[in-house]
Amino acid sequence: MNYKGDELYWIAICDDEKESVEEIVDILMEGELEPGEFKISVFSSGEELLNANVSRYDLLILDIMFPGENGRAIAEKYRRRNKDGLFVFCTGKASPIPDDFKYQPYRYMRKDHANRLRTDLLDTVEEMYRRRSKHQVRLSVGKIQLLVNIEDIVYMEIAKNGCHVHYYNNEEELCTVKAKEKIKSLYPQLFSYGFEFAHNSYLVNCHYLKWWGYHELELINGVKISISRAREKAFKEACIKYIV
């Protein structure tokens with residue numbers, strides 16, 4: 001690598017199909033902004049991946065089907081050791097199931113849809129860059145202005161003269177603050193980061209979904225929220241962007 005910038009971006013591909021790996025690498029290199037800033041490691045099995053220093057990776061691209069291994073079990077072990085890393089499922093055969101939400105995949109990609117695969121991978125590279133840049137939202141909390149990383153916000157709920165914001169702090173503790181801003185005014189700033197209304201009182205970060213059904217969802221911290229009939233279609237469409 002000849003990159004002379006501040007930091008490399010570490011990317012892991014866990015896939016035992018050589019042709020698929022080559023295609024993925026070619027697409028990833030299209031999204032590289034500066035020559036040499038991507039360090040790409042390829043693993044042909046979950047065992048190889050988990051024997052590496054997985055906490056360093058900004059992005060993991062993980063197949064589901066391996067001989068004698070289950071990609072979802074690999075994802076579970078990976079997520080225990082890398083809670084913040086971006087990762088996607090990329091498969092040619094398996095279909096998503098509700099439990100996939102608990103691993104917090106950013107996308108669920110199909111190898112057999114070449115054009116869609118390219119679009120989704122390049123979008124994922126943009127998300128990797130965005131997460132490193134730590135986009136923030138400014139909240140009026142009492143007499144102070146609080147900056148919160150957008151990706152750390154789990155959900156917001158309406159409150160009198162403002163909203164309650166539930167987010168993870170730097171110590172990975174779930175915190176709640178009362179902000180003067182209304183969630184409807186914050187929505188235009190947040191929707192492109194995966195936020196959608198479950199109903200008029202709750203704005204949810206889809207990346208933190210554990211599962212969702214027609215009338216209810218559960219977040220990874222165990223909080224359950226009803227999905228209103230009026231918001232059901234828009235919420236479903238928002239979720240599909242991150243799991244299908």
Side-chain angles (χ1 to χ4, degrees), residues 9-33 37-46 48-50 52 54 57-67 69-79 81-132 151 191-196 205-212 220 235-244:
Y9 285 83
W10 291 81
I11 301 173
I13 303 171
C14 189
D15 193 323
D16 64 334
E17 298 178 356
K18 183 178 179 181
E19 291 184 1
S20 296
V21 170
E22 291 176 350
E23 181 181 10
I24 291 169
V25 170
D26 287 344
I27 295 172
L28 290 174
M29 301 312 292
E30 291 182 40
E32 191 178 43
L33 296 182
E37 69 178 341
F38 287 178
K39 172 65 175 177
I40 300 176
S41 302
V42 177
F43 304 94
S44 60
S45 71
E48 288 184 10
L49 170 69
L50 295 170
V54 297
Y57 289 106
D58 298 285
L59 169 62
L60 167 64
I61 300 167
L62 176 64
D63 195 2
I64 289 182
M65 308 298 292
F66 292 90
E69 292 185 290
N70 184 312
R72 293 184 173 98
I74 297 169
E76 182 177 12
K77 293 176 183 177
Y78 172 83
R79 185 52 86 197
R81 293 166 53 187
N82 189 335
K83 296 181 180 180
D84 299 319
L86 181 66
F87 106 88
V88 298
F89 283 123
C90 185
T91 182
K93 299 176 183 178
S95 298
I97 61 175
D99 276 354
D100 289 340
F101 279 109
K102 65 186 179 183
Y103 310 126
Q104 302 173 56
Y106 176 67
R107 290 287 169 88
Y108 202 110
M109 305 178 189
R110 292 295 299 265
K111 298 177 184 178
D112 51 349
H113 297 166
N115 291 334
R116 178 67 184 271
L117 176 63
R118 180 179 180 276
T119 298
D120 283 347
L121 278 172
L122 291 177
D123 176 79
T124 300
V125 169
E126 290 185 10
E127 174 70 6
M128 181 181 69
Y129 278 118
R130 184 187 68 78
R131 291 194 180 192
R132 181 75 71 86
E151 59 266 34
F191 83 96
S192 63
Y193 295 90
F195 286 76
E196 190 52 70
N205 186 342
C206 294
H207 293 102
Y208 287 99
L209 284 171
K210 182 176 181 181
W211 59 262
W212 60 274
I220 62 169
F235 187 79
K236 179 180 179 181
E237 290 175 351
C239 292
I240 287 174
K241 291 180 182 178
Y242 299 97
I243 194 65
V244 178

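Residue K111 forms a side chain to side chain donor-acceptor pair (under 3.5 Å) with just one option from E17, E23, E19, and that option is E17.
In terms of modelled atom types and a separation under 3.5 Å, the side chain of Y208 and the main chain of Q104 share no donor-acceptor contact. Judged by distance alone, the side chain of E37 and the main-chain N or O of Y9 form no donor-acceptor pair under 3.5 Å. A donor-acceptor pair under 3.5 Å is formed between the side chain of R81 and the backbone N or O of L50. Counting only distance, with no hydrogens or angles, the side chain of N82 and the backbone of V54 share a donor-acceptor pair below 3.5 Å.
Nearest approach of F89 to P105, heavy atoms of both residues: CD1-CB, 4.0 Å. In terms of heavy-atom proximity, C90 sits nearest to L117 at SG-CD1, 3.7 Å. Residues L121 and I61 come closest through the heavy atom pair CD2-CD1, 3.8 Å. V125 and G31 get closest at one heavy-atom pair: CG1-O, 3.6 Å. Of all non-hydrogen atoms in D16 and M65, the two that sit nearest each other are OD1-O, 3.9 Å. In terms of heavy atoms, C14 sits closest to G46 at SG-N, 3.9 Å.
Within the 4.5 Å cutoff, side-chain heavy atoms of R130 are placed close to those of E151. Between Y193 and H207, every side-chain heavy-atom pair lies at or beyond the 4.5 Å cut-off. Annotation: side chain of L122 is not in contact with side chain of E126 (no heavy-atom distance under 4.5 Å).
Note that the CD1 atom of I11 and the CD1 atom of I40 stand 5.0 Å from one another [nearest 0.5 Å]. Here Y57 contributes atom OH and Y78 contributes atom OH; the two are 9.0 Å apart, rounded to the nearest 0.5 Å. One distance of note links CG of D15 with CD of E22; it measures 11.0 Å at 0.5 Å rounding.
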>> For a side chain to side chain contact (heavy atoms under 4.5 Å, CB included) check, start with the C-alpha distance between V88 and D120, then their side-chain angles and the critical distance, and finish with the verdict.
In response: CA-CA 10 Å; V88 298; D120 283 347; over 6 Å; no
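The aromatic ring centres of Y106 and Y108 sit 6.0 Å or more apart.
Every side chain to side chain donor-acceptor pair (under 3.5 Å) that E76 has, sequence neighbours left out, goes to R80.
E30 CD: more than 12 foreign heavy atoms inside a 6.0 Å radius. N115 CG: 12 or fewer foreign heavy atoms inside a 6.0 Å radius.
The existence of a salt bridge linking E127 and R107 is excluded, since no basic side-chain nitrogen approaches an acidic carboxylate oxygen closer than 4.0 Å.
Between F38 and Y129, the ring planes are tilted. Angles from 30° to 60° get that label.
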